[in-house]
Amino acid sequence: MTTELQIKKLAMEAVHALYGETVDDKLVQVQMTRKDQDGDFTVVTFPLLKFSKKKPEETGEDIGRYLQSMMPEIASYQVIKGFLNLTLSHDYWIGVLNHIFSDEQYGFVPVTDSSPMMMIEYSSPNTNKPLHLGHIRNNLLGFSLSRIAHATGNRVVKTNIVNDRGIHICKSMLAWHKWGEGATPESTGTKGDHLVGEFYVMFDQHYKKELAQLIESGLTKEEAEKQSALMAEARELLRKWEAGDQQVVQMWEMMNQWVYAGFDVTYKAMGVDFDKIYYESQTYSVGRDMVLEGLDKGVFYRKEDGSVWVDLTSDGLDEKLLLRSDGTSVYMTQDIGTAKLRFDDYSIDKMVYVVGNEQDYHFKVLSLVLDKLGFNWGKDLVHFSYGMVELPEGKMKSREGTVVDADDLMAEMIKTARDMSRELGKLEGYSDEEAEQVYRMIALGALKYFILKVDPRKTMTFNPRESIDFNGNTGPFIQYTHARIQSIFRKAEEKGIVWKGAAPSGLELNEKENNLIRTIANFGNVVSEASAMYSPALVANYMYELAKEYNQFYHDSPILFEENEPLREMRLTLCKVVGNIIRKSMWLLGADVPDRM
RNA sequence: GGUCCCAUAGUUCAAUGGAUAGAAUGUCAGAUUCCGGUUCUGAUGAUAUGGGUUCGAAUCCCGUUGGGACCA
């Protein structure tokens with residue numbers, strides 16, 4: 001049981017013993033004491049006044065006295081208005097420190113075969129262009145969430161749904177067919193996803209030119225779009241693909257393979273992976289069957305033109321198209337099919353979709369539709385809805401060529417990390433390969449931390465310059481703190497300082513040490529909060545706080561130079577535990593920490 | 001037209017309904033015999049706006065303004 005819980009229980013007992021009232025546990029609030037006040041934990045007594053029928057100060061005194069009598073670890077208490085601040089003894093905190101030190105898994109909940117299963121969908125790219133900065137946020141969030149879910153006792157299945165069919169890929173195919181002259185990734189030396197993306201852009205350019213010519217000859221924009229020969233050809237490709245035309249399917253397979261090979265490289269560089277990948281080309285027809293089944297069951301209805309709809313007006317939404325009049329499917333159809341297959345493949349307890357907030361409405365509908373189709377998790381599926389990524393100059397716009405490519409961005413950051421690291425020259429003795437691994441760790445740590453520290457549901461600004469600035473509230477600052485800690489232990493060994501690996505009791509803790517242990521003790525709470533709130537940002541912000549407190553401690557207190565041996569032992573234990581928690585926290589974000597940098 | 005989201009120092013971000021709204025960055029001024037100067041300390045500066053709810057509101061509710069997204 002955590003200290004907070006223990007205090008909370010006692011405080012409830014206190015109200016009962018002192019005032020003869022039973023209180024709802026929501027009324028008893030125990031929190032960490034603000035840093036500018038004396039104390040470790042605070043009981044907020046305002047809500048208890050109606051039971052005590054006394055002034056806040058008197059109520060605080062009553063409860064403080066009771067708590068102290070029941071819990072000898074409380075060294076002192078202080079009442080300020082409706083706040084009862086409790087201070088625990090130094091020995092108590094040293095005990096906490098030792099306990100955390102001895103528990104390798106501290107803060108994490110073990111996963112067993114009977115743990116609940118959470119499936120997390122993230123990434124979900126289209127196969128017509130390479131991944132960009134927006135996808136990076138998606139991937140990092142999805143991957144981090146899966147680690148946080150695992151750390152809080154869930155079996156996790158990471159999944160990806162690849163949108164590999166539809167008009168978008170037909171546009172790339174058509175452009176390649178018409179103007180590609182047989183180009184391949186090998187012949188051009190271009191990464192497959194980038195190559196296909198180039199043809200997608202090429203289609204768009206030719207299409208625009210065609211429209212301009214048609215408009216010049218006197219057509220309106222709408223008429224021009226209708227008469228476009230290029231668009232007609234692309235649609236014809238899609239029709240042939242759906243009909244299973246061998247040549248078309250072959251071209252489709254070839255170009256998709258190029259894209260997958262390219263994506264694999266990007267995912268690997270990013271350090272994310274999946275347990276199971278679904279393809280829309282394999283799920284859309286399942287979805288169509290499900291919709292028709294729903295039509296039979298009477299939960300959907302058909303309009304005169306043959307299209308199939310669902311009526312959600314009684315749920316406060318409107319009517320939604322599920323199948324077009326020509327029988328082709330829409331996004332919703334595919335998502336239904338994918339859900340069905342997943343449900344067949346796994347015994348999912350919780351389904352989480354990491355998808356941008358522009359699809360909030362889509363997921364409200366999907367949730368209701370799945371529920372109507374009888375999926376028992378339909379109603380409580382989680383749409384993990386995150387905000388857009390913008391640049392300091394504004395939004396990314398493909399037309400204006402301001403889209404930041406994922407591969408380019410990572411390469412650039414690795415280059416910067418390499419330059420900075422070489423300047424510092426702390427990697428002597430490392431092979432080129434080892435050093436390169438450290439540069440990559442720093443670059444990816446910087447990127448991941450910068451993106452994940454922001455509340456996911458908010459629109460964020462990604463500043464490339466700031467993200468590779470290794471000062472301030474950044475990943476490298478945290479990695480640096482970790483490296484410095486490891487350096488202490490290397491030095492200890494050199495100096496022949498033997499460390500028993502635990503802190504002796506009976507020591508006086510200074511303020512910085514006390515703060516640090518309190519923060520360490522809060523790690524478990526932070527992880528479970530991050531899981532409950534689906535927010536890696538909580539872990540990131542916590543870790544920054546920890547690193548900052550550690551640096552203050554480090555600045556003020558000698559560690560290896562401390563001559564009082566028990567004190568040195570305690571400080572070394574503190575260093576070790578902080579290093580471990582930084583490493584674990586970074587792991588929860590999907591990032592690594594170097595021993596030197 | 002309908003629905004949803006957002007608004008905090010110059011800038012980028014924090015703050016389970018709790019105390020004097022915290023950081024980072026920027027600017028200015030300092031510290032360090034030392035275990036890694038990517039450190040530490042101080043100064044500066046913000047809740048868009050008008051109501052309401054209550055012991056207490058950046059946070060919850062209603063209106064206004066501004067920004068974004070989605071649905072036809």
Side-chain angles (χ1 to χ4, degrees), chain A residues 4 26 29-37 39 42-50 55-56 80-85 312 316-321 356-365 385-388 390 392 394-395 420-421 423-426 442 446 450-451 453-455 457-463 465-467 469-492 494-495 497 512 525-526 529 532-533 535 537-538 540-542 544-545 547-562 568 571-572 575 596-597:
Chain A
E4 276 117 310
K26 269 180 245 136
Q29 298 170 37
V30 179
Q31 49 201 235
M32 284 176 74
T33 303
R34 285 171 54 117
K35 271 171 111 184
D36 53 355
Q37 302 284 338
T42 296
V43 181
V44 185
T45 56
F46 285 118
L48 307 176
L49 303 185
K50 58 181 161 188
K55 288 181 185 159
I80 300 171
K81 289 186 284 186
F83 301 97
L84 168 60
N85 298 327
L312 299 171
L317 305 178
D318 50 16
E319 299 175 346
K320 185 77 192 171
L321 177 72
N357 63 10
E358 73 274 15
Q359 293 197 41
D360 284 355
Y361 186 79
H362 175 87
F363 278 95
K364 274 186 194 163
V365 173
S385 167
Y386 64 91
M388 307 275 98
E390 295 181 358
K395 294 181 168 188
M420 298 191 74
S421 220
E423 222 170 280
L424 288 162
K426 292 284 180 185
I442 296 169
F450 194 90
I451 286 182
K453 75 177 175 181
V454 183
D455 182 350
R457 60 200 172 80
K458 290 192 179 167
T459 303
M460 70 169 289
T461 304
F462 180 78
N463 186 329
R465 269 198 313 270
E466 219 174 279
S467 71
D469 177 0
F470 293 174
N471 289 310
N473 185 356
T474 63
F477 167 76
I478 288 161
Q479 290 172 320
Y480 168 74
T481 305
H482 179 268
R484 204 192 217 181
I485 289 171
Q486 303 319 311
S487 161
I488 290 174
F489 287 97
R490 284 194 298 271
K491 277 273 154 56
E494 280 172 29
K495 288 178 157 231
I497 291 178
K512 300 285 164 65
N525 292 334
V526 170
E529 186 77 1
M533 308 275 290
S535 180
L538 295 180
N541 289 330
Y542 164 81
Y544 176 62
E545 188 65 28
K548 228 170 32 166
E549 277 178 8
Y550 176 80
N551 280 319
Q552 287 169 16
F553 153 76
Y554 178 91
H555 189 260
D556 291 359
S557 315
I559 299 163
L560 295 178
F561 294 127
E562 176 57 54
R568 191 172 67 214
R571 288 183 181 156
L572 281 167
C575 291
R596 289 201 259 165
M597 63 189 277

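Naming: A, B, ... by sequence-line order, numbering from 1 per chain. These numbers come from a predicted model, not from an experiment.
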Should the side chain of [X] and the base of [N] be counted as holding a donor-acceptor pair, with the cut-off at 3.5 Å?
| X | N | answer |
| --- | --- | --- |
| Gln31(A) | U16(B) | yes |
| Thr474(A) | A24(B) | no |
| Asn85(A) | A19(B) | yes |

[X] side-chain proximity, nearest of [options]:
| X | options | answer |
| --- | --- | --- |
| Lys320(A) | G37(B), C6(B), A72(B) | A72(B) |
| Asn551(A) | G37(B), C40(B), A14(B) | C40(B) |
| Arg34(A) | U25(B), G22(B), A14(B) | G22(B) |
| Asp318(A) | A19(B), C71(B), C35(B) | C71(B) |
| Tyr361(A) | C35(B), A7(B), C70(B) | C70(B) |
| His555(A) | C55(B), A19(B), U39(B) | U39(B) |
| Met460(A) | C13(B), C40(B), U38(B) | C13(B) |
| Tyr480(A) | C40(B), A19(B), U38(B) | U38(B) |

Looking at [X], I'd like to know whether one of its side-chain N or O atoms comes within less than 4.0 Å of OP1 or OP2 on [N].
| X | N | answer |
| --- | --- | --- |
| Lys458(A) | A14(B) | yes |
| Gln29(A) | G17(B) | no |
| Arg568(A) | C35(B) | no |
| Lys395(A) | A69(B) | yes |

Inset, instruction - Please say whether more than 12 non-hydrogen atoms of neighbouring residues, nucleotides or ligands are located less than 6.0 Å from NZ in Lys35(A). - result: yes
Legend entry - Residue met sooner reading RNA chain B from 5', once Ile488(A) and Gly472(A) are mapped to nucleotides: Gly472(A)
Inset, instruction - Could you pick out which residue, Ile485(A) or Thr459(A), lies toward the 5' side of RNA chain B when each is mapped onto its nearest nucleotide? - result: Thr459(A)
Legend entry - Six-ring centre of Phe450(A), Lys453(A) cation under 6.0 angstrom, axis tolerance 45°: yes
Inset, instruction - Select base, sugar-phosphate, or nothing to describe what Arg596(A) touches, counting heavy atoms under 4.0 Å on all strands. - result: base
Inset, instruction - Would you please determine if the base of A23(B) is stacked by Tyr544(A), with stacking meaning a centroid separation under 5.5 angstrom and planes under 30 degrees? - result: no
Legend entry - A19(B) pyrimidine/purine six-ring stacking with Phe83(A), under 5.5 Å and 30°: yes
Inset, instruction - Would you check if Tyr554(A) and Cys575(A) make a side-chain contact, meaning some heavy-atom pair closer than 4.5 Å? - result: no
Inset, instruction - Tell me yes or no: between the side chains of Asp318(A) and Tyr361(A), is some donor less than 3.5 Å from an acceptor? - result: yes
